[in-house]
Every structure is written in structure tokens, then in C-alpha cells.
K.L.:
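First the structure, which I've put down as C-alpha cells, then a few questions once you've had a look.
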Number of protein chains: 2
Amino acid sequence: MSLDQNEWNEQQYEAVQRIRKRVIEVVGRNMELYGVTLSTGHLYGLLFFADKPMTLDEMGREMQMSKTSMSTGVRTLLDLKMVNKVWEKGSRKDLYEVEYDWYQTFTDYFATQWRRAVESNMQALRRAMKEIERLAQQPDTSEFMAGVLQKDLEKIRQAESYYRWLDRVIDAMEEGQLFDLVPRES
Amino acid sequence: MSLDQNEWNEQQYEAVQRIRKRVIEVVGRNMELYGVTLSTGHLYGLLFFADKPMTLDEMGREMQMSKTSMSTGVRTLLDLKMVNKVWEKGSRKDLYEVEYDWYQTFTDYFATQWRRAVESNMQALRRAMKEIERLAQQPDTSEFMAGVLQKDLEKIRQAESYYRWLDRVIDAMEEGQLFDLVPRES
DNA sequence: AAGTTCATACAGAAAAAACTGTACAGAGTT
DNA sequence: AACTCTGTACAGTTTTTTCTGTATGAACTT
């Protein structure tokens, strides 16, 4: 990556960097779908093309950003399992490289992020259902009120059914069944 | 929803609102996974429990927010196909209601958002591959340089293969094949 | 144990995004 | 045609997020 290896012809180096930069730009932008910042997306792109695991300092130099930013950026990417910490003897610094198995990245992302959401939503819905049922049984509940409660309950039940389905989708992904439906290449 | 229908017992009304509010809170928060603001998530929740399609003014009143915000919020939800515009004769105002078929919402979201990302990424990758191949054929390309280009090319090829897979996943979703793998309830 | 080197917590600065009020264009009504 | 009502574009303000510099504690070296 660095210029001071005399194997590099400066002009060619620039050409390679230009190509990489464009790819990084696009991939980074679309990574906002994963809920990461544009700059974190760029960091990912940098690591993607790096020929070896990088340290925080190296990243900071390349990105022209503070080491602190690299630290937090790497941490979010670690949480998303998009980069891995790598051990290398002789180095005291932490080294990081991207997870090149994007199939894995994709399914992991779903497993962690969506599962969390599904669970918290299900819990909220179930709690609400209990409350509604309790309310519906109160003696002073008018006809009108009962109707409203019934409609709410119906909506919530439908939502819950959807979440149960989504939960099974996530299961299927974790177990790799998605690859039965849509096989990976070679 | 409004209090001035005398069928409502105020205390019970409060109780219902409290339940709804908690559900809206949770669902709204998790909607950030779809890349929408917390407040847009709340707007969705409001529409979810509304017993009839709502106008922008009604939403603004309920959310205690400006009509402009409602307008933009509804627009993003429309883009995500999470709400639908509804026509009602006699009313000059636009009316909106949520799409209650969340299975549909889920697959539509993928179809639109992820397809867009896949396409733009694939285009960028293909363009980069061409560039690299062109560079590799230049006569003054050193051994070292050729190696670097080769490694970049390999990474890009791998990424492209992943995107082709993802593209097929999206196809499968659009065609409802996901429901073969994980059937919806009832 | 003293001295380095490293990652990260934290507070403040900079940048981005969300939100609002005003203004205006288009559709509908009189 | 004049008038009214509705949705949204736009500019400015407020709020939130991102980014940085400094400080600190932990791990390693001497």
C-alpha cells in the first residue's frame, strides 16, 4: 500500500489507487444499508483492498483520520462481524482484516440485528396483548370500547404472526438453509 | 382516536393510549433497521393503530409535529411501501393507511432497497475489473504490479459472485419462493 | 519499578440531519 | 376568473451524530 517500496511505479500506483477508491466509494455508500456511517464504510473498503491486516495507526494514516475514529469504526465493524481481529506474533498492536466471506457476513448480520429487533418487538406485543385482554374483561367496559380493543388485538396478533415467521426465517438463515433455496456459486 | 366521541370513557381511553404508545415506541425504535427515523417510525405506529386512513393534518395533530414533517415522513414510508395512499370521495385531502401485510412489506423492502444497492455495486465492480485488466496489459507493468492487480481482481471477482447470489435471493423473494422455505402461518 | 506503547473513555468542536414556518403552485370550488 | 384549500419546496433553526485531541489505564519491555 505504501509508496516507499521501490517496486511501485508512481504513476501505476496512482492508477491502482484510483480504481480502488471508486470501488470503495460505491461499496461504502451502499453499506449505509447495514446502518454504518459512510466513513465506516470507507474504512471497510480500505481493509478490503489491504494486502495484509492493518493496525489502527495504519488505517488512520490512510484515511487521514484520527486514531480514535479508527478505533470506534473498527469496533462497529467487529460488532457486525465484518472485520476480524487477527493475531500476529511479534506485534503488540491489534491487527484487523475484513471478513472476505460475504455470504457469512450477510447471514450474520441478519442473525444478530434482526433477531434482536424481533425479540424486543415480540415481547412488547405480547405484553400489550395481555394488557388488552385484562382491560377487555373489566366490568365497566362499554360495547364501543370492547370493539376498539378487539380491533387492536387483531392487529397485534397479525403482527405477532409475522414476527414468528421472521424468526423462523432467521433460523433458516443461521442454519444455512437459504443456500438450499439459492445455492452459492461453486 | 379522538376524545370527543362520547362513547369514550376518559379513563379507559387513557389506558388504551398507554398500551398503544408502548407498542409504537418499540416498533418505532426497531424500524431504524429499515433506515427510517425514530419519529417516522412513530408515525408508522400511529397509522398502524388508526382505525381509519388519516390525513396529514390529523397526523400532525396527533404527533404534535408540523405538517411538513408529516409530509416528508409519509413520503419515506410510501417509498418503502409501508403505507398506501387511499382515495375517498368527497375528501380533497390525501389519505394514508399502513400496509398491514407485513410479509409484503418485508419482501418489498428487500426488493427495492437491496436491489438498488446490488446493482450499483455490481456496476462499480465490473467497471473496476475492466480497468484492472486494461492496466495489467500495459507493457510497462512490473511483476510486482501484476501481482497486486491480480490480487485485487481476485477479491473483486469474489465480491461479484456474492452479489450475483444476493441478486438471486432478491429474485426468489420477489417471486415468493421464500415462503416455500419458510411458510407463512395459516 | 520505571518507561514505552497501545487502545479507548471522555469532553468539546465540527458536521449532518431533523424539524419548523413561510411561501407558493396546482387542483377544486364558487 | 377569483377564491380556497392542500401538499411540498426551501431556508433557517434546533437537535443529533460524528469526529478529534487529550487523558488514562493496561500490557509489555527494559
Side-chain angles (χ1 to χ4, degrees), chain A residues 24-25 28-47 50 52-80 82-98 113, chain B residues 24-25 28-47 50 52-80 82-98 113:
Chain A
I24 290 172
E25 186 67 34
R29 176 160 321 114
N30 286 128
M31 273 181 67
E32 292 184 347
L33 267 180
Y34 287 100
V36 307
T37 309
L38 186 60
S39 71
T40 304
H42 283 168
L43 175 59
Y44 181 86
L46 173 67
L47 288 170
K52 54 173 179 34
M54 293 180 81
T55 67
L56 292 180
D57 287 311
E58 287 168 339
M59 297 176 211
R61 206 175 310 126
E62 293 283 339
M63 300 266 299
Q64 314 234 54
M65 283 178 74
S66 74
K67 195 174 167 183
T68 307
S69 297
M70 297 303 100
S71 178
T72 58
V74 163
R75 199 130 40 94
T76 53
L77 291 173
L78 277 175
D79 286 348
L80 290 165
M82 287 180 177
V83 312
N84 299 312
K85 201 171 196 166
V86 173
W87 289 103
E88 199 167 280
K89 65 182 173 184
S91 173
R92 248 162 65 186
K93 304 190 184 190
D94 296 352
L95 291 162
Y96 303 93
E97 72 177 356
V98 302
Q113 302 298 113
Chain B
I24 290 172
E25 186 66 36
R29 178 164 318 115
N30 287 126
M31 271 181 68
E32 292 184 347
L33 267 181
Y34 288 100
V36 307
T37 310
L38 185 60
S39 72
T40 305
H42 283 167
L43 176 58
Y44 181 86
L46 173 68
L47 289 170
K52 54 174 178 34
M54 292 181 81
T55 67
L56 293 181
D57 287 311
E58 287 168 339
M59 297 176 210
R61 205 174 311 126
E62 292 283 339
M63 300 266 299
Q64 313 234 54
M65 285 178 73
S66 73
K67 196 174 167 184
T68 307
S69 296
M70 296 304 99
S71 177
T72 58
V74 163
R75 198 130 41 94
T76 52
L77 291 173
L78 276 175
D79 285 347
L80 292 165
M82 289 179 175
V83 312
N84 299 311
K85 202 171 196 166
V86 173
W87 290 104
E88 199 167 279
K89 65 180 174 185
S91 172
R92 246 160 67 186
K93 304 192 183 190
D94 295 353
L95 291 161
Y96 303 93
E97 71 178 356
V98 301
Q113 302 299 112

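Naming: A, B, ... by sequence-line order, numbering from 1 per chain.
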K.L.:
Using whole Å, report how far CD of A/Glu58 lies from P of C/dA7.
P.N.:
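Interatomic distance, CD of A/Glu58 to P of C/dA7: 10 Å.
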K.L.:
I need the CE-C1' distance between A/Met63 and D/dC19, as an integer number of Å.
P.N.:
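Going from A/Met63 (CE) to D/dC19 (C1'), I get 11 Å.
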K.L.:
Starting at the 5' end of nucleotides 25-30 of chain D, put B wherever the base has a protein heavy atom under 4.0 Å, S where only the sugar-phosphate does, and a dash everywhere else.
P.N.:
---SS-
K.L.:
Considering only heavy atoms from C-beta outward, does the side chain of A/Thr55 approach that of A/Leu95 to under 4.5 Å?
P.N.:
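Yes, close enough: below the 4.5 Å cut-off.
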K.L.:
Heavy-atom distance under 4.5 Å between the side chains of A/Thr76 and A/Met82, does that happen here?
P.N.:
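No, side chains not in contact.
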K.L.:
What is the distance, to the nearest angstrom, from the CD atom on B/Glu88 to the P atom on C/dG28?
P.N.:
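Interatomic distance, CD of B/Glu88 to P of C/dG28: 16 Å.
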K.L.:
Rounded to whole angstrom units, what separation is found between the CD atom of B/Gln64 and the P atom of C/dC19?
P.N.:
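So the two atoms are 14 Å apart, to the nearest Å.
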K.L.:
Measure the spacing between CG of A/Leu38 and CG of A/Leu43 and express it to the nearest 0.5 Å.
P.N.:
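If we round to the nearest 0.5 Å, A/Leu38:CG and A/Leu43:CG are 11.5 Å apart.
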K.L.:
If you apply the rule salt bridge (charged side-chain N to carboxylate O under 4.0 Å, His left out), what do you find for A/Glu58 with A/Lys52, and how did you get there?
P.N.:
CA-CA 11 Å; A/Glu58 287 168 339; A/Lys52 54 173 179 34; 3.8 Å; yes
K.L.:
Applying side-chain hydrogen bond (donor to acceptor under 3.5 Å, both in side chains), name anything that partners A/Asn84, two or more places apart in sequence or on another chain.
P.N.:
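A/Asn84 satisfies side-chain hydrogen bond (donor to acceptor under 3.5 Å, both in side chains) with A/Glu99 only.
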K.L.:
Which residues, if any, of residues 66-80 of chain B bring a heavy atom under 4.0 Å of DNA chain D?
P.N.:
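Within residues 66-80 of chain B, the residues near DNA chain D are B/Lys67, B/Thr68, B/Ser71, B/Arg75.
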K.L.:
Please list, chain by chain and in numerical order, all residues satisfying side-chain hydrogen bond (donor to acceptor under 3.5 Å, both in side chains) with A/Ser69, sequence neighbours excluded.
P.N.:
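So A/Ser69 forms a side-chain hydrogen bond (donor to acceptor under 3.5 Å, both in side chains) with A/Ser66.
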K.L.:
Taking atom CE of A/Met31 and atom OG1 of A/Thr40, what is their separation to the nearest 0.5 Å?
P.N.:
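So the CE of A/Met31 and the OG1 of A/Thr40 are separated by 7.5 Å.
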K.L.:
Hey, what do you get for CD (B/Glu62) to CE (B/Met70), rounding to the nearest 0.5 Å?
P.N.:
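Reported value, rounded in 0.5 Å steps: 10.5 Å.
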K.L.:
Walk me through whether B/Lys85 and B/Val74 qualify under side chain to side chain contact (heavy atoms under 4.5 Å, CB included).
P.N.:
CA-CA 9 Å; B/Lys85 202 171 196 166; B/Val74 163; over 6 Å; no
K.L.:
Got a sec, which residues hit salt bridge (Lys or Arg N to Asp or Glu O under 4.0 Å) with B/Glu25, two or more places apart in sequence or on another chain?
P.N.:
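Salt bridge (Lys or Arg N to Asp or Glu O under 4.0 Å) list for B/Glu25, sorted by chain: B/Arg29.
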K.L.:
What are the atom names and distances for every N/O pair under 3.5 Å that joins the protein to nucleotides 13-18 of chain C?
P.N.:
unit_1, atom_1, unit_2, atom_2, d
C/dA18, OP1, B/Thr37, OG1, 3.4

K.L.:
If I take atom CG in residue A/Leu56 and atom C1' in nucleotide C/dC6, what distance separates them, rounded to the nearest angstrom?
P.N.:
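After rounding, the gap between these two atoms is 9 Å.
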K.L.:
Using a 4.5 Å cut-off on heavy atoms from C-beta on, say whether the side chain of B/Glu97 contacts that of B/Leu47.
P.N.:
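When only atoms from C-beta onward are counted, B/Glu97 and B/Leu47 do not touch, as no gap falls below 4.5 Å.
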